[in-house]
Amino acid sequence: MILSPETIAFLMAAALMAGCIDAMAGGGGLITLPALMAAGVPPVQAVATNKLQSCFGTFGACVAYARRGHMDLGTYKAPIIAAFVGSVGGAWLLQRVDPSILAGLMPALLVAMAAYFTFSPKLGDADRHARIGMAGLAGLIGVVGFYDGFFGPGAGAFYTTIFLALGGLSILRATAQTKAANFASNVAGLLTMIAGGHVIWIAGLAMAVGSIAGGQIGSHLAMRFGSRLIKPLLIIMSLALTAKMLLDPKNPVHLYLFG
């Protein structure tokens, strides 16, 4: 598929904005997937190409968080592996079934996340007691990894919610660990999509440039402002993604719920 220089520039700008938001709160796919589809890219190829550009952005954010000591890859190795394995399964299934079969649950889950972030009095910059063990945490992260490989948008917000509400991490450390899990699921989904021949390389690599820049900007803003910035963005992105799914007639959620 050949895209014009103007279209490539548009996709790079979308990836820059998405990378910035994704590094702080997740939900960058809310911007990049519609941008790819607006450029005329078919749905499965759009998901595959989005994985390519997102890999670069999440990797850059991982490096930024790790350099500042906010990421603990040793302790949370199991959830990261679970995200990778789950995403392989999701991406494999995406190429064989209609993604709308999972769509009906998404609006309710996203609204519930927004409510949690809005009303939880304990969300802050200090770690708390974990509510589940590492095995349970890995299992839930693996489920989100499956969703990320299969469908995608909002996965970062789901990862963050799990690390916050059940893993007991501070909002900044939860965001940092989310980037590690998100990078793992992006890489796994991308490799599976490459094997299926669905990636549009020129568009994906061009978007990666914008995604890397945006990821660096967003991660540094998150580390500077902490929960004051991340919490409102998580609420906004959860509600915005819900509205997008319900109102866009081309979105699988809209098609699933309203035909």
Side-chain angles (χ1 to χ4, degrees), residues 11-29 31-32 49-88 125 127 137-138 141 144-145 148-149 152-160 162-164 167 169-191 193-194 199 201 204-230 233-234 237:
L11 292 174
M12 289 179 69
L16 174 67
M17 184 182 302
C20 183
I21 292 173
D22 206 50
M24 293 185 285
I31 297 171
T32 49
T49 305
N50 185 57
K51 290 298 178 194
L52 173 60
Q53 66 86 25
S54 186
C55 279
F56 286 91
T58 50
F59 177 74
C62 282
V63 172
Y65 282 116
R67 283 178 174 173
R68 296 291 293 272
H70 298 297
M71 190 176 292
D72 186 351
L73 297 179
T75 301
Y76 294 95
K77 177 172 62 177
I80 293 170
I81 294 172
F84 185 95
V85 174
S87 184
V88 169
D125 296 318
D127 286 355
L137 190 65
I141 292 297
V144 178
D148 195 21
F158 288 128
Y159 283 134
T160 303
I162 292 170
F163 281 122
L164 273 169
L169 296 180
S170 69
I171 196 165
L172 182 56
R173 289 191 66 213
T175 303
Q177 291 304 141
T178 288
K179 292 304 107 185
N182 217 168
F183 176 66
S185 58
N186 280 336
V187 169
L190 174 62
L191 292 175
M193 291 292 191
I194 289 174
V199 177
W201 289 95
L205 292 174
M207 293 176 75
V209 176
S211 184
I212 291 170
Q216 293 300 302
I217 295 169
S219 58
H220 283 92
L221 286 173
M223 286 184 281
R224 180 174 180 181
F225 296 105
S227 60
R228 289 176 296 162
L229 179 63
I230 299 172
L233 276 175
L234 284 165
M237 291 309 296

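Each residue takes its place number in the sequence, starting with 1.
Looking at His70 and Thr175, their side chains never come closer than 4.5 Å, going by heavy atoms from C-beta outward. Taking 4.5 Å as the limit, every side-chain heavy atom of Phe158 sits out of range of all side-chain heavy atoms of Asp148. A heavy-atom distance below 4.5 Å is not found between the side chains of Ile80 and Phe183. Between Asn186 and Phe56, every side-chain heavy-atom pair lies at or beyond the 4.5 Å cut-off.
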What pairs of donor and acceptor atoms, side-chain ones from residues 11-18 against any protein atom, are under 3.5 angstrom apart with sequence neighbours left out?
none

| request: Run the numbers on Met193 and Leu52 for side-chain contact (heavy atoms from CB on, under 4.5 Å), then give the verdict. | output: CA-CA 9 Å; Met193 291 292 191; Leu52 173 60; over 6 Å; no
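Environment of CZ in Phe59: sparse, with no more than 12 heavy atoms of neighbouring residues, nucleotides or ligands closer than 6.0 Å.
Of all non-hydrogen atoms in Ser185 and Gly145, the two that sit nearest each other are CB-CA, 4.3 Å. Nearest heavy atoms, Asn50 versus Thr32: OD1-OG1, 2.5 Å.
Looking only at distances, no side-chain donor or acceptor of Gln216 sits under 3.5 Å from a matching main-chain atom of Ala64. Side-chain N or O atoms of Thr178 include one that pairs as donor or acceptor with a backbone N or O of Thr160 at under 3.5 Å. Between the side chain of Ser87 and the backbone N or O of Gly189, at least one donor-acceptor pair lies under 3.5 Å. Ser219 places a side-chain N or O within donor-acceptor distance of the main-chain N or O of Gly215, the cut-off being under 3.5 Å.
Counting only N and O atoms by type, the side chains of Thr58 and Asn182 include no donor and acceptor under 3.5 Å apart.
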